[in-house]
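Working notes, beginning with the structure itself.
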Protein chains: 2
Amino acid sequence: MAYAFNHRTKNAPCIGELLSAAFPHFDALIVPFGPGQEVTGEGDPTENFFLVMRGLFRGVKFTCDGRRQVFAFYMPGDLCGLEPEGSHKLTIEAVDCAAMAILPRHACRFRMNDDPELNAALFDGATRALALTIDHMMMVGRSSAEERLAWFLTMLAARSASPNARAVDLAMQRQDIADYLGLTIETVSRTFTLFRDRGLVSLPHKRRVLILRPDALARLAAADRDAEPIGPVRSDEDMEAAVA
Amino acid sequence: MAYAFNHRTKNAPCIGELLSAAFPHFDALIVPFGPGQEVTGEGDPTENFFLVMRGLFRGVKFTCDGRRQVFAFYMPGDLCGLEPEGSHKLTIEAVDCAAMAILPRHACRFRMNDDPELNAALFDGATRALALTIDHMMMVGRSSAEERLAWFLTMLAARSASPNARAVDLAMQRQDIADYLGLTIETVSRTFTLFRDRGLVSLPHKRRVLILRPDALARLAAADRDAEPIGPVRSDEDMEAAVA
DNA sequence: CGGAATGTTGAGACTAGTCAACCATAGTGG
DNA sequence: CCACTATGGTTGACTAGTCTCAACATTCCG
């Protein structure tokens, strides 16, 4: 199905590098997509893997009666299309102006058998994707709206260019956030307002979030995940100092 | 992290056969577990993969404040422990009297590099596991209590020995079902009663469910998944005839 | 400037959660 | 054999958080 995996481990080359090295004419495989454009739809045959080069994509599933669940957001370096042979269960769409490298599966498999390093990286990627769904599931299944949004913002901040950046730009709209978190847009909106009124964040624009109190946000977010919060966590003292 | 994958494709040997063939002293690796006994805990180093031989296991995640999410149930033939290098994020426990084959990771990896078929089967298994989480997530994020339980029963019936069997034995207790579905035990209990009162199921014992109207149950379950319902679906006429 | 799309806010409804009592079953020990 | 207890499951009354529906505000474009 595909889940993000750009969590590059320090000591290993990231999957993107391995893949681009494995394909001789890699640049020719890169295809641009406009906002909302579909990369792969549910039911399409699973012919390729996809590597995000630029922009943001989403993996979505719809129900017959219009409900929607965003299963994952994919950022540059993430691989998606990791679904079992047959047909896709997930629709992959561009969120904004973005680009994907489209990698034929048979060629990937061929190279995997040749190259243990690539093989391990792909397998590791699939297991990382699964690990991400654990927190996502816990969150969707067992958390309040506040915890969900706090988790989402904390995760986005951790994954953004500089993990210490306190400004998060939301490429996706409220509906995407809502469908990712298993909420409605109204609840997402209300919760943003709540966070703002409490001084946890400020919202200079609708699509830009300034995290004023990362500590408090992380505490809320961590309620569902007893383990370490995502990304580097600083002490409360640091946080207070940073805000001051 | 680990998700079930015993969906054996007709034309390929199942992962269990490949693995047992790959390990010369396979039988010696099989370890029995009693109800509630832990196979692997959160934070433990990821040293092994596990193949269910007998009984039922669950993959669970806890929060600091006691909330619990069951991420998956593992049945014989399922592989689990598929988490990225490092430490487990999921606790794996036996639900009843059960047994696991414990397969050292380094040996698996070694054999994967040697054996493209095993490699493909493991990779395919990981992607299948991811695919299962899509429906699970959709369900937990976007469905009513009725839809969730209907989905659960439909899935169990499809996975049980004979997919046409209308009797489903629940090895797990209500709390496990609730935590798998993101509900409370009270809601699960009430929904069972509701189904019984509507004539969809009968409950000869607390742990045994007779599915009287698989069609109606599948329709409820399929509401979240526009695609084909799990398992063989018969026409309404067949169903009515079978019930009559 | 007007219109469409996106986001926010409010009021009320409703589903599922909480808390508490009760029931069923299976052991256990007198 | 029968209390007695422990565990698991059911039911009821009430609460609360989120959804729904509707109005309104904002932003972005042409």
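All heavy atoms count here, side chains included; hydrogens, waters and symmetry mates do not. Throughout, a chain's letter reflects where its sequence line sits, starting with A, and its residues are numbered from 1.
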Rounded to whole Å, how long is the line connecting atom CZ of A:Phe195 with atom P of C:dG7? 18 Å
Distance check needed: C:dT8 C1' versus A:Asp197 CG, whole Å only. 12 Å
Sub-3.5 Å donor-acceptor pair from the side chain of B:Arg148 to the main-chain atoms of B:Val140, do we have one? yes
Over how many whole Å does the gap from A:Lys206 atom NZ to D:dT27 atom C1' extend? 8 Å
Note: A:Ala94 and A:Ala98 closest approach over all heavy atoms is CB-CB, 4.5 Å
Which residue is it: B:Asp179, B:Asp96, B:Asp176? I am looking for the one with a salt bridge (charged side-chain N to carboxylate O under 4.0 Å, His left out) to B:Arg58. B:Asp176
In this structure, how many angstroms lie between the C1' atom of C:dT15 and the CD atom of B:Glu146, rounded? 11 Å
Tell me: CG of B:Leu194 to P of C:dT15, nearest whole Å? 11 Å
Donor-acceptor contact below 3.5 Å, side chain B:Arg67 vs main chain A:Arg142: yes
Nucleotide D:dT7, atom P - distance to CG of B:Asp176 in whole Å: 16 Å
Rounding to an integer number of Å, can you tell me how far B:Asp96 CG sits from D:dG8 C1'? 16 Å
If I compare all heavy atoms of B:Tyr180 with all of B:His136, which pair ends up nearest, and what's the gap? O-NE2, 2.8 Å
Would you jot down, in residue-number order, the residues of residues 183-190 of chain A having a non-hydrogen atom under 4.0 Å from DNA chain D? A:Leu183, A:Thr184, A:Glu186, A:Thr187, A:Arg190
Between C:dG7 and A:Arg207, is there an OP1 or OP2 to side-chain N/O distance shorter than 4.0 Å? yes
Is it true that the NZ or CZ of A:Arg174 lies under 6.0 Å from the centre of A:Phe192's six-membered ring and within 45 degrees of the ring axis? yes
Which of the following nucleotides, C:dT9, C:dT6, D:dT11, is nearest to the side chain of A:Thr193? C:dT9
Taken to the nearest whole Å, CZ/B:Arg142 to C1'/D:dT18 is 11 Å
